[in-house]
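Chain A is the first sequence line, chain B the second, and so forth, proteins listed ahead of strands; every chain is numbered from 1. Basis for what follows: all heavy atoms, side chains included, without hydrogens, waters or symmetry-related copies.
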Amino acid sequence: MNNLILKVCTKVLFTPIILFGLYVQFHGDFGPGGGFQAGVIVAAAFILYAMVFGVDKCKIIMPTKLNFFLLVLGAFLYGFVGIVGLILGEPYLSYDLLGSTKQSGQHIGILLVEFGVGLTVCNVMICLFYSFANFKFGSNKND
Amino acid sequence: MDLIIKNLPILIVITPLMFSLIVAVLPNQRHSWFLTNLASLLTLFFSILLGIEVSEKNLISYHLGNWPPPLGIEYIVDKVSIIPIFIIAVISCLASSFAHNFFTSEVYNNLISKTYSLWLLTIAGLMGLVTTADAFNLFVFLEISSLSAVALVAMGSKVDKKALVAGYNYLILGAIGATFYVIGVGLLYGVSGTLNMSDLSQKIPELGLNKSVIVAFTFMILGIMVKAAIFPLHIWLPNAYAYAPSPVSILLAATATKVAIYILARISFTIFGTSYDIYSFESLRYILLFLSICAMFAGTVMAIFEKDTKKLLAHSSVAQIGYIILGISLVTKAGIASSFIHLINHALIKAGLFMSVVAMSFYTFKRIDATSISGIGRQMPITFFAFIICALSLAGLPLTVGFISKLYLIKAAYMSEGIWLPFLILLSSALSLVYIWKLIEGLWYDVDKNNKLKIKELPEIYIPLLIITFLNIYFGIDAGLIINSSYNAAEALLNGIK
Amino acid sequence: MIDSIINYSSIASLILGILFILIGSIGILRLPDVFSRIHASGMIDTAGTAFIILGMCLQSGISLITAKLIFIGIFIFFTSPITGHVTANLARKKGLKPITNNKGKTL
Amino acid sequence: MSNEFYIYLCILTPLLAFFLTPFLNKTPNFRDILGPIGGLISFYCSIKIASLFLDGEELGFVFFQISESLSISFNINGLGVIFGLVASGLWILASIYTIGYMRGNKEKNQTRFFTFYSIAIFAAICIAYSGNLLTLFIFYEVLTFSTYPLVAHKQNNEARKAGRLYMGILVGTSIIFLLPAIVIVWVLTGNLDFTEGGLLKGYISMEYAPFLLALFAFGIGKAALMPFHKWLPAAMVAPTPVSALLHAVAVVKAGVFSMLVVITYVFGIDFLTETNASVWLIWVSSITLLLSSCIAISKDDLKARLAYSTISQLSYIVLGGAIATNIAVQGAAMHIVMHAVGKITLFFAAGAIYVATHLSKISDLNGLGKSMPLTFLAFFIGSLSIIGVPPMGGSWSKFYLMLGSVEKQYLFIIAVLCISTLLNVYYLLEVPAKAFFLEKKSNVQVTKHPLTTYPTFFAALLTIILFVYIEPLKEITNLIVGIGK
Amino acid sequence: MINFKSIILFFLLLGFWLLMSGHYSILITSLGIISCALCVYLTIKANILDNEMLPLYFFPRLLQYTLWLIKEILISNIETAKVILFKTEDPELFTVKSSQASNEGKVTYANSITLTPGTVTTQINENVFEVHALTKSFGDDVRSSQMDKMVSWLEKGK
Amino acid sequence: MINEIFGVWNYWIVFTLMMIGLYIVISKKSLLKKVVGLAIFQTSVFLLYITFGKIAGGTAPIITNNSEEIYSNPLPHVLILTAIVVGVATTALGLALIVRINKAYGSINEDEISAVDLVDYHEKFSEKKNK
Amino acid sequence: MMFLAILFSISVCFLLILIRLIAGKTTYDRILAANSIGTIVVLAISIHGFYMGRPEFIDISIVYALINFIGTVAVLKLFDKGKLGDK
Ligand code: NA
Ligand code: NA
């Protein structure tokens, strides 16, 4: 959409949206946020950018490979935090030993896990957008 | 080591899971393949350790994150679940060992690493499915495994674009099945307030006769029936198996439906076993019995008229699933044991058959048409030999595992239903000879129409193929292990019914 | 005293906001074509949102909530003309002609 | 030495021959001598086993256990002793004859041929000494698979087609009927062991017994009961020694042996008599008997005629079992031996004629008697034995069968037997009659191979010997039906 | 490419974070700093850090303009409400010229037109705007180019 | 009274959504619409879970300082969140497949796809005949 | 109680716009209506938070506003180009 207003305003909105996403990400345990929503918000910024400036330009900021790597990294982080507990002699997904106290351990654990989730969700969304962006609804009969 | 043993039930799930993530981002496909094998081997190793543990302890319960059930998620490995665990671990190991050449030729180059990743993800999903004791967690694993399986099926689109449609149909039906299941779980949760299976089994009888429970049971069973490809909900299966990349066909044919059947047994006996009398599920089991008989014949007839070899085998799987379900629907110790025997044996048989067919189709780079590509067996004698053994096993010849299955199934059927049921079983297995004969004749007798093609044996498939063939014979001769573990499983399952 | 003033003004503000939203909704329903309706929609986005948010800000006093409410307000103020403009722009681009009395002047 | 040793030795000798033969590809003389030597060893063991059996010793062992109630086991019973003797004894003769035939005919792939010949004998002996239905079935299938390469030996289209029919019918019937029958027996009784007096007694109700028997009767395709008889004439494309092996020694005898084992040790004669479960089988076998005799008359090809004769003779044995009286079963058991010796004589003769003249049509054999007197004399003697004329061995078995039917007062069986005997006379004696009494047609080159002539004649002599030396056989058959214990 | 603009952006973002956060522990605050840095990095990488994105020179007169705009919006809201409720609309479509030099100025003008109910910018062609007005009087307001002058005044803040 | 009606209404809505979703999946020929139907079907389940989790007078299970607050049961919400993720994954995979199907077949209509398959089959068959 | 009344009035507005959404006429009408509904919902969520005494719900309304905006842009783009990808 070659629209001046849209382009200029997207430029303005891009950065605050990402920041807001990160804000939601790291304030997850205080409000109704968390990695899931944060990921969606950050991804929304990228998707908006891609819609207005084109997928190719978006791929300069978020290359496909990096996107996939981050997607996997997020999931890996999620799993790995659990494994840390396992290696420290606790069952899987117990974060108690991550911090100095049980409370802080849980907190750090949840923060890390949420970050993994956010990373994954964000990149999944972007990945999905990349793959569907060029899907052209042709003159298909739809029923 | 102590750390490993303590965490075995979760290790068999997270090992493939974590490896699948690593494999996904590796640039080198050989490395991906290597890591996939490593993960499979590790999983197998853990499964063996688990098997030893279970034989000592009967039941291993693992609490995720130290939250005790019913609040936290519990993982349970007992004498029942160890059977599908072994099937998954062994088949994954064997099938991934020779997968590389197949994936290189059957999957788009940029997707190969992802295919391996999905492969491991499927394994992880299936393992989780088997081990979890939480009804909702089960749903999650159900979807993990079937979504990754769908993606794997669709990977076959380089060879034939039908793989995409097959994957799509698998996805839609699978999703409906899973949603049905989760509706059932929701209803149960609504009335009982718990998701833990053993907790559910204790709380459901306390509710007395409750409509929600009946509806929940129906929904759950219906959902799993889709996944288990029980007639007439099997329509996704033949195409999905046929158009998937070859190693995937093997993996799915040997594991996916088996695990779903295991879940079916778990739901019917572990969750609802205690309330069996209250709801008099007898009438329901006759429906299952009827469907399994339909499956036996429908699958066989479809296989007889099918030309594509992989699809033919898939249709035959539908029929074999019928046998397995038949055993479960008898609700006797002998019946369930026989169905577990066939569960194991059919995994061995179908894995062998698919492997040999796949090996034969490798150089032709297309599906083997039972009539058009003929005489291929002459060019690949070792593969053909393995094929013959597995086919005879499918036919139920003595000294193969197929015979043992049939024997115990018929015995169980006779003991609870009298002569008519064994008669039907025998009739359908006699019919199955038609397509087995058709295959053998096509592959061996027909004059070579494709002698222009340079077809050689595939050396890398020898070892897994011969191992499977050997297992087909070995467990046909020394059937004690399978029979005993199946009887143990049946006993453990029926403990639920009071 | 101050509290009740704030409270009443908050209520007034909210009611005003609702009024504008209601009128905007009626406009969306009543006006003849998409271009005219954009004006009504603009009412909801500007006056309606502004008064409602003002009312809520007065309710919560100086706090994090107020900051967030203002943030929402700014966001809606910022995006409303974009969507309005892009919708109208697209409609024009696709050849939709507004109902006007000065037909000769239409571009 | 323990008694089991003889069973092991008897079984393992042909197996050893099977393993050794491929390695002796380069030295045909060593390779070919393996057969007769192996035959001698096996035959010696069979005799030893027979004498031990007659002494009342219990012989048998479990080879291995598959599951609690399933095992591969060997156990000696009267029928097994008889079949073991036939199989191992005729192996000697057949192997000697085969050497002559193969060399005289300059066949290709001789090593492969001998390899599978040995494995077929191995399977036959295992069938003879098998202790339960499962073991019997397994070696029954091994026999089918091992004889397939023999049938399709020539590897031309005709041979392949015949091989396909052969495999199709034998494997098909065994899996579709026999295997379910075995499964049903196991399901009913939880056991598959051959038991004196019958395994099924008390486990199966009267109305189902005939059906189970039918599964067995049609499942044992090697007994060539109509309508599953087509494989036998089709398999005639094979070299003559194979035909001899198929028709006289191993395959068809394995079939009727299995039939008799099922009747005596699974159903039990008394049980069949009580329930009349086998009456329908009398009819089926009688019809097979007469029809195949009629077809035999219409065949001009010597081997095809012999094939239909075999079908008819097999039905005698099945008939004996179906009558299900002690004497009839004894007769049937004897007929296994008598027919084996008689028919192998005829086939040897036919092969000898083929090697010498390359003729296979009966109408072409006119006047050949003078150039091949010994061969045609042997053919004549063999024919008489099969017809049942004293002093040939075949007269005993027919006599017992007659006695059996009289005892049961099935008069129409006697009529059937009489008619069929007349037909036998016609279609068998036509050959020597034409050879001796008709004019020689044209110049037929006769190049005899000594190793084909003498075994033939020896086999003919054996039919006479069996007439005289019948006592041991009688004793064994008595033990089968439980007389004299 | 850390320039003056990016530093300003960083502190603006940080201010935004601190305003919204409400939790001022070391962990969360340092995460905030990292987040702001990440945002700036992404902005630079996306190649959008320019005057269009952050028209710093608007800032001096921004407050005054905003207040004026709010006043305008209020008035036009009431007018539009009247039209919707009591009067019949008399829409017109016309073009006006804009006098802004920069893109950000034009966009501000166009958005201001749209933001005031009763008028919508439908198309922008260089410095010719096509505007849709609900009634003639709304159209006259735009044509009087008071708003155009205000935006140009805002733009000349540099 | 209101509560009861409300509860029953919830079930009705769940049921209606479920039926609409299933109907779309079954009856529509467009693969895309099927995925949409599936999504609706799955959404009905989320609603069902919410209904179970709702405690009368309870508020969202976000921890506040007020310890006397009655929270709705948080577990169903966690479950729904998981289920939503699964649902999104399913939809995404479905859409990805549709994109590829559209590329391969030039259509996302079920009938047209099977028509293409049929044509392919016949071409293959006639090729064989010609050889 | 006041917030409930406001919520109720907002629902009325919601329904009014919903009529336009369904009646539509042109696609742009529907998009416009959907966008306005989005705005209303954003406000409603905030007010609902106040009504429940849990103003933390505002975070959700921010996200909703964001999604509403991007969704509208996406739909508009889709109707413009037929796909979301290129410029
Ligand atoms: Na506006
Ligand atoms: Na406006």
Side-chain angles (χ1 to χ4, degrees), chain C residues 7 10-11 14-15 17-35 37-38 40-46 48-49 51-53 55-56 59-60 63-69 71-73 75-76 78-80 82-84 86-94 96, chain G residues 2-3 5-10 12-21 23-40 42-47 49-50 54-66 68-73 75-81:
Chain C
N7 197 19
S10 142
I11 290 173
L14 285 170
I15 288 170
I18 284 297
L19 270 178
F20 273 109
I21 291 175
L22 194 64
I23 295 166
S25 309
I26 293 167
I28 286 180
L29 202 60
R30 193 186 78 85
L31 290 172
D33 67 344
V34 65
F35 298 97
R37 287 177 197 136
I38 290 173
S41 148
M43 279 183 68
I44 299 175
D45 290 349
T46 52
T49 308
F51 283 115
I52 295 263
I53 284 179
M56 284 191 286
Q59 284 282 324
S60 52
S63 68
L64 190 63
I65 306 294
T66 310
K68 283 180 181 172
L69 281 169
F71 180 66
I72 293 180
F75 188 80
I76 291 178
F78 200 86
T79 56
S80 157
I82 302 173
T83 48
V86 175
T87 312
N89 187 243
L90 190 64
R92 288 291 291 133
K93 222 173 111 185
K94 298 276 170 176
L96 199 70
Chain G
M2 177 189 65
F3 287 114
I6 290 169
L7 274 179
F8 180 77
S9 338
I10 281 190
V12 173
C13 301
F14 183 96
L15 287 177
L16 285 176
I17 305 175
L18 199 65
I19 295 170
R20 172 55 61 211
L21 185 75
K25 270 221 171 140
T26 65
T27 318
Y28 314 102
D29 286 304
R30 292 177 207 271
I31 295 169
L32 190 74
N35 188 28
S36 294
I37 285 181
T39 311
I40 288 182
V42 169
L43 299 177
I45 292 171
S46 314
I47 290 171
F50 275 88
R54 301 284 300 274
E56 297 92 355
F57 277 33
I58 283 168
D59 284 348
I60 295 172
S61 54
I62 296 176
V63 176
Y64 197 93
L66 181 64
N68 183 34
F69 169 62
I70 290 176
T72 310
V73 171
V75 171
L76 285 167
K77 169 132 203 189
L78 202 62
F79 277 100
D80 188 13
K81 297 275 155 87

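- Residue contact with chain C, scored on non-hydrogen atoms closer than 4.5 Å, involves the backbone and the side chain of G:L66 alike.
- Summarising the geometry, atom OG1 belonging to C:T83 is positioned 8.0 Å from atom CG belonging to G:L76; distances are rounded to the nearest 0.5 Å.
- Looking at C:I76, only its side chain comes within 4.5 Å of chain G, counting heavy atoms on both sides.
- Only the side chain of G:F50 comes within less than 4.5 Å of a heavy atom of chain C; its backbone N, CA, C and O stay farther away.
- Atom-to-atom distance recorded for C:S25:OG and G:L18:CG is 11.0 Å, nearest 0.5 angstrom.
- Among G:T72, G:I47, G:I37, G:L43, the residue making the largest number of heavy-atom pairs under 4.5 Å with chain C is G:L43.
- Put simply, the side chain of C:I44 reaches to within 4.5 Å of the side chain of G:I17, judged on heavy atoms.
- Looking at C:L96, the atoms closer than 4.5 Å to chain G (heavy atoms on both sides) all sit in the side chain, from C-beta outward.
- In this structure, the portion of G:T26 lying under 4.5 Å from any heavy atom of chain C is its side chain and not its backbone.
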Next on the checklist: For a side chain to side chain contact (heavy atoms under 4.5 Å, CB included) check, start with the C-alpha distance between C:T87 and G:N35, then their side-chain angles and the critical distance, and finish with the verdict.
Outcome noted: CA-CA 10 Å; C:T87 312; G:N35 188 28; 5.9 Å; no
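- Within the 4.5 Å cutoff, side-chain heavy atoms of C:I72 are placed close to those of G:S61.
- Two residues are said to be in side-chain contact when any heavy atoms from C-beta on lie closer than 4.5 Å; G:I58 and C:F71 fail this criterion.
- The minimum heavy-atom distance linking C:I28 with G:R20 is given by the pair O-NE, 3.0 Å.
- With respect to chain G, the highest number of heavy-atom pairs below 4.5 Å among C:L64, C:I26, C:L69 belongs to C:L69.
- Ranked by heavy-atom pairs under 4.5 Å with chain C, the first of G:T39, G:L16, G:I6, G:D29 is G:D29.
- C:K94 places a side-chain N or O within 3.5 Å of a backbone atom of G:F79 that can act as its donor or acceptor partner.
- In this structure, the side-chain contact (heavy atoms from CB on, under 4.5 Å) partners of C:A88, at least two apart in sequence or on a different chain, are C:F35, C:I38, E:V120, E:T122.
- Residue G:V42 touches chain C through its side chain alone, counting heavy-atom pairs closer than 4.5 Å.
- Only the side chain of C:I52 comes within less than 4.5 Å of a heavy atom in chain G; its backbone stays farther off.
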